[in-house]
Novice: 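Take this structure, written in structure tokens, and hold onto it; I'll ask about it next.
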Amino acid sequence: MDCTLVRTLVRRYCAGEEDWVDSRTVYVGHREPPPGAEAYIPQRCPDNRIVSSKYTFWNFIPKNLFEQFRRIANFYFLIIFLVQLIIDTPTSPVTSGLPLFFVITVTAIKQGYEDWLRHKADSAVNQCPVHFVQHGRLVRKQSRKLRVGDIVMVKEDETFPCDLIFLSSSRVDGTCHVTTASLDGESSHKTHYAVQDTKGFRTEEDIDSLHATIECEQPQPDLYRFVGRINVYSDLNDPVVRPLGSENLLLRGATLKNTEKIFGVAIYTGMETKMALNYQSKSQKRSAVEKSMNVFLIVYLCILISKALINTVMKYVWQSKPFQDEPWYNQKTEAERQRNLLLRAFTDFLAFMVLFNYIIPVSMYVTVEMQKFLGSYFITWDEEMFDEATGEGPLVNTSDLNEELGQVEYVFTDKTGTLTENNMEFKECCVEGHVYVPHAICNGEAAIDMIDASPGAGGREREELFFRAICLCHTIQVKDDDEVDGPRKSPDSGKRCAYISSSPDEVALVEGIQRLGFRYLRLKDNYMELQNRDSDIERFELLEILSFDSVRRRMSVIVRSATGEIYLFCKGADSSIFPRVIEGKVDQIRSRVERNAVEGLRTLCVAYKRLIQEEYEGIYKLLQAAKVALQDRERKLAEAYEQIEKDLILLGATAVEDRLQEKAADTVEALQKAGVKVWVLTGDKVETAAAACYACKLFRRNTQLLEVTTKRLEEQSLHDVLFELSKTILHCSASLTRDNFSGLSADMQDYGLIIDGAALSLIMKPREDGSSSNYRQLFLDICRNCSAVLCCRMAPLQKAQIVKLIKFSKEHPITLAIGDGANDVSMILEAHVGIGIIGKEGRQAARNSDYAIPKFKHLKKMLLVHGHFYYIRISELVQYFFYKNVCFIFPQFLYQFFCGFSQQTLYDTAYLTLYNISFTSLPILLYSLMEQHVTMDTLKRDPALYRCLGTGPSGRWCSR
């Protein structure tokens with residue numbers, strides 16, 4: 001009896017692996033595992049078809065009608081139309097049915113056309129040819145026929161048809177280069193690594209003979225996370241188990257570069273690929289104007305009901321006299337006289353509802369949608385918002401929020417890449433207290449300024465160790481290909497080469513150290529090569545990489561030198577390095593780091609420790625155990641990293657400069673004059689961020705800075721700090737609202753608040769006594785009375801927490817978040833309006849935003865000009881619709897007093913039908929697209945006009 005299945009179930013459910021039900025097993029090439037191994041349990045997975053369309057041919061009409069009649073106005077007119085069909089009403093059913101039919105038809109045609117385009121795109125993708133490996137040879141099939149477990153070959157410049165585990169490549173070292181521009185917008189080449197035990201299978205025959213199974217997590221949308229392991233079976237030995245991570249996963253939509261071909265096995269296909277899982281739409285944002293429109297519809301519906309009720313009562317008062325309701329020319333039949341009074345009254349009430357129903361503007365939604373859609377082109381057509389350096393212009397991802405741009409009260413902005421250029425330049429490094437400033441290179445020799453005296457013999461050794469650490473502790477790729485886009489020339493060689501990394505800091509550091517005499521050459525066959533000052537080539541075996549993450553804020557490498565010495569080099573933020581250091585000139589280096597931070601430079605600290613062979617073997621076992629875990633791999637790796645990265649020796653620190661973007665300071669100043677409060681949310685340290693805030697005029701020289709930081713909380717409790725700040729600020733000024741505060745007032749004290757992530761966590765943390773809300777409210781009161789707020793050391797979710805805190809405060813202000821990186825997506829999605837910068841950190845922010853702009857300076861025109869016009873135009877459009885319908889129907893109401901409340905209509909049927917559809921819709925649509933009550937130059941010159949929007953007659957109607 002084969003007990004393999006029983007053994008598998010017992011091991012999974014009784015040996016602490018009960019959560020494995022959330023994993024899947026993939027059989028490479030659909031080959032069953034050998035006898036005695038895992039039981040062969042085929043799993044049902046979808047094919048590789050991508051479906052982004054919303055409708056099918058069969059469900060378009062019912063599904064579209066259902067969605068359209070979910071709107072209050074459409075459903076209301078449907079009811080009125082049905083009433084006109086059922087009972088005898090004064091107007092023809094055509095008067096309600098035709099406008100409703102027009103609105104429904106136009107919307108259905110628009111949505112149907114958009115879905116047809118999606119169907120065409122899906123069909124083109126699903127029929128794309130793909131090369132499969134079957135029976136040792138290549139077979140060409142359509143992409144939609146691909147199944148989980150199929151082995152696929154992808155050639156250079158081709159797109160991966162599904163999510164693949166990288167098995168082997170044409171490169172000897174088993175690597176390939178990939179661009180993920182279509183996924184996250186990053187055009188840089190990323191290196192992926194084949195499984196160690198399969199990278200030698202380079203032909204179709206070899207790869208077809210591979211006998212392996214893959215265990216991995218079920219599909220989930222995170223592009224940067226993958227947990228799995230591969231079991232490679234041989235004829236004699238037990239299976240070799242290797243961990244699989246995101247470096248082994250090739251995502252659908254990514255493109256193969258600088259590699260002739262690769263082989264991979266499909267693990268996620270079709271709608272289970274990470275790209276498809278990211279298709280799911282974000283929560284729908286609704287503008288304040290749209291919400292107000294719904295409120296006004298309800299108000300006008302109440303007016304309509306009251307008019308119908310008044311006329312019904314007045315009719316029966318009028319007919320209360322004998323024979324008043326039976327003139328000689330219109331005698332009632334006996335059946336009519338016997339009808340129930342309440343039934344007659346209800347029928348008359350419905351008839352009056354039909355008569356007055358034109359007070360509700362049936363075509364308003366369609367007109368407003370057309371105005372928003374057509375009006376959004378004014379942003380994309382704006383030549384002043386086009387950046388010639390990058391060739392990028394503004395993008396409108398949704399036109400539903402145009403008018404929100406004219407009501408913004410809070411702007412939350414990232415610093416790096418948003419206020420700054422994210423173009424790093426190496427400025428200096430400090431080694432053992434000695435400062436090195438690289439200068440220009442002359443005749444291949446690096447000119448170095450030494451601010452301090454030269455180090456001694458021991459210092460010289462530490463200095464070279466520091467330079468080696470910078471050359472080795474990174475994830476940079478080196479390109480010597482002439483075809484690389486925009487390559488940087490090596491300073492000491494005519495050879496074209498480029499350093500490519502996902503982090504601009506790493507490139508700046510390696511290029512800076514190159515000017516100091518140490519040059520990183522390449523990674524080949526797991527050996528990192530560098531050239532020292534004597535032009536000798538040094539080779540270090542790369543043993544382990546402890547990857548960077550935003551929680552640890554550091555990364556490490558473990559390398560073995562040619563002499564057999566094993567080093568761990570660690571590079572990271574000062575707050576994450578200093579607590580782990582047991583030796584080194586900490587005070588001198590800390591002083592230099594703080595000085596550079598005050599000057600606005602980005603600083604990193606470098607440390608190391610030597611490892612003996614026994615220590616490394618223990619580290620290797622610890623890391624392997626964490627890497628092959630399917631459950632809680634991230635937590636186990638984090639615990640392993642914490643054990644490894646300790647007892648370090650401090651070597652030194654680096655400083656790179658990230659310059660402010662052009663006109664960033666002018667933009668911040670204009671926004672403050674417009675009454676908009678600007679908050680900077682950044683992951684940088686306090687000193688660096690504060691210096692940048694002074695440079696961009698967020699903080700002014702007379703600004704009194706208030707701090708809620710970890711350093712201060714070490715001296716005082718959070719309770720005391722918050723109450724002390726509240727006493728300082730709240731008694732000096734009343735609440736500074738949008739209407740009376742420009743941010744630059746000279747007759748009141750100007751306050752600025754600085755808070756870091758740790759302090760924010762304490763404020764937001766729920767307490768056992770339930771008093772956290774008190775801290776939040778107190779913090780909120782302090783923030784509202786500050787002209788500017790700087791939040792440092794912020795994690796991505798904390799950025800979203802800050803936005804949410806302001807968004808749902810009692811004033812319910814309109815918020816805008818702007819950023820350029822993946823870490824800004826959470827706050828962009830949380831804010832009322834999200835704007836992405838098309839920058840160097842990829843396009844994730846731009847893809848997830850409502851609007852995208854090339855530079856931060858373009859935010860000024862987007863808000864002060866376009867936002868101003870959008871809000872004025874939409875407010876006048878909506879007000880006009882309600883006004884014209886009141887004017888149209890009020891004479892009909894008065895006319896009933898002169899016709900004995902007989903429900904006689906004042907207007908012709910054709911006029912009733914066309915009044916909303918064309919007579920009064922097209923003129924106001926053109927007006928709402930072209931109206932400019934103030935010139936653009938005036939709006940740009942006087943930002944204070946933006947503050948008047950919410951208080952003017954056209955803005956008062958949509959009070960928030």
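Keep in mind the model is a prediction, meaning the values are calculated, not measured. Counting from 1, the numbers follow the sequence of the chain as shown. In what follows, every heavy atom counts, from backbone to side chain, and hydrogens, waters and symmetry copies are set aside.
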Novice: Compare every heavy atom of Ile782 with every heavy atom of Leu722, then report the nearest pair and how far apart it is.
Specialist: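 It is O-CD1, 3.5 Å.
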Novice: Is there a side-chain contact between Val581 and Val586 in this structure, where contact means two heavy atoms from C-beta onward sitting under 4.5 Å apart?
Specialist: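 Result yes, sub-4.5 Å side-chain heavy-atom pair found.
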Novice: Between Asp942 and Lys673 (salt bridge meaning N to carboxylate O under 4.0 Å), is one present in this structure?
Specialist: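 No, Asp942 and Lys673 are not salt-bridged.
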Novice: With a 4.5 Å heavy-atom cut-off, do Phe578 and Leu650 have their side chains touching?
Specialist: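 Yes; the side chains approach each other to less than 4.5 Å.
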Novice: How long is the straight-line distance from OG of Ser809 back to CZ of Arg776, given to the nearest 0.5 Å?
Specialist: 13.0 Å
Novice: Would the number of heavy atoms belonging to other residues, nucleotides or ligands and lying under 6.0 Å from CZ of Arg595 be above 12?
Specialist: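 Atom CZ in Arg595 is not packed in, count stays at 12 or less.
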Novice: Check Glu830 with Lys807, please: is the shortest side-chain N to carboxylate O separation under 4.0 Å?
Specialist: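 Glu830 and Lys807: salt-bridged.
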Novice: Between Glu403 and Arg873, does any side-chain N to carboxylate O distance fall below 4.0 Å?
Specialist: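 Here Glu403 does not pair with Arg873 in a salt bridge, since their nearest N and O are not under 4.0 Å apart.
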Novice: Please report the interatomic distance SG(Cys791) to CD1(Ile802), rounded to the nearest 0.5 Å.
Specialist: 4.0 Å
Novice: Would you check if Asp414 and Leu681 make a side-chain contact, meaning some heavy-atom pair closer than 4.5 Å?
Specialist: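 No, side chains not in contact.
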Novice: Inspect the contact between Arg580 and Glu642 and indicate whether a charged nitrogen and a carboxylate oxygen are less than 4.0 angstrom apart.
Specialist: yes
Novice: Flag the pair Ile582 / Leu648 as yes when at least one side-chain heavy-atom distance between them is below 4.5 Å, and no otherwise.
Specialist: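 When only atoms from C-beta onward are counted, Leu648 and Ile582 do not touch, as no gap falls below 4.5 Å.
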Novice: Only counting residues at least two apart or in another chain, list the ones meeting side-chain hydrogen bond (donor to acceptor under 3.5 Å, both in side chains) with Glu724.
Specialist: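 Expected list: Arg712, Gln716.
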Novice: What I'd like to find out is whether the side chain of Leu790 reaches to under 4.5 Å of the side chain of Leu753, using heavy atoms alone.
Specialist: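 Leu790 does not reach Leu753 side chain to side chain.
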Novice: Between Asp850 (side chain) and Val833 (backbone), is there a donor-acceptor pair under 3.5 Å?
Specialist: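 No; judged by distance alone, with no hydrogens or angles, the pair does not exist.
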Novice: Do the side chain of Tyr870 and the main chain of Gly375 share a donor and acceptor less than 3.5 angstrom apart?
Specialist: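 It does hold such a pair.
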Novice: Kindly write out the residues that satisfy side chain to side chain contact (heavy atoms under 4.5 Å, CB included) with Cys430, not counting sequence neighbours, or none if the list is empty.
Specialist: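 Partners of Cys430 under the side chain to side chain contact (heavy atoms under 4.5 Å, CB included) test: Val435, Ile589, Arg592.
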Novice: Taking the side chain as every heavy atom from C-beta outward, state whether Ile837 and Pro854 have any pair of such atoms under 4.5 Å apart.
Specialist: no
Novice: When you measure from the side chain of Gln879 to the backbone N and O of Ser875, does any donor-acceptor pair fall under 3.5 Å?
Specialist: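 Confirmed, Gln879 side chain pairs with Ser875 backbone.
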Novice: Does the plane of the ring in Tyr410 sit parallel, tilted or perpendicular to the ring in Phe412? Use 30° and 60° as the thresholds.
Specialist: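 Parallel: the ring planes of Tyr410 and Phe412 meet at under 30°.
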Novice: Measuring from Glu639:CD to Arg635:CZ, what's the distance to the nearest 0.5 Å?
Specialist: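 The CZ atom of Arg635 is 5.0 Å from CD of Glu639, to the nearest 0.5 Å.
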Novice: Under the 3.5 angstrom rule, does the side chain of Gln798 hit a backbone N or O of Gly757 as a donor-acceptor pair?
Specialist: yes
Novice: Between His832 (side chain only) and Thr815 (backbone N and O only), is there a donor and an acceptor less than 3.5 Å apart?
Specialist: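 A pair under 3.5 Å: yes.
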Novice: Would you mind checking if Glu409 and Lys677 are paired as a salt bridge, meaning a charged N to carboxylate O distance below 4.0 Å?
Specialist: no
Novice: Are Lys663 and Asp666 within salt-bridge range, i.e. N to O under 4.0 Å?
Specialist: no
Novice: Examine distances only and state if a side-chain atom of His866 and a backbone atom of Leu863 form a donor-acceptor pair shorter than 3.5 Å.
Specialist: no
Novice: Below 30° counts as parallel, above 60° as perpendicular, anything between as tilted: where do the rings of His868 and His933 land?
Specialist: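 Geometry flag for His933 against His868: parallel rings.
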Novice: Just by distance, do the side chain of Tyr946 and the backbone of Gly867 share a donor-acceptor pair under 3.5 Å?
Specialist: no
Novice: With distance as the sole test, does Ser376 use its side chain to make a donor-acceptor pair with the main-chain N or O of Val396 at under 3.5 Å?
Specialist: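 Not confirmed, Ser376 side chain does not pair with Val396 backbone.
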Novice: Mind checking side-chain hydrogen bond (donor to acceptor under 3.5 Å, both in side chains) for Ser556 and listing every partner two or more places apart, or none if nothing turns up?
Specialist: Glu645
Novice: When rounded to the nearest 0.5 angstrom, what distance separates OG1 in Thr413 from CE in Met827?
Specialist: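 Separation between the atoms: 6.5 Å.
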Novice: Are Leu859 and Val411 packed together at the side-chain level, in the sense that at least one heavy-atom pair is separated by less than 4.5 angstrom?
Specialist: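 Side-chain contact under 4.5 Å: yes.
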Novice: Spell out, as yes or no, whether a donor-acceptor pair under 3.5 Å connects the side chain of Thr418 to the backbone of Lys415.
Specialist: no
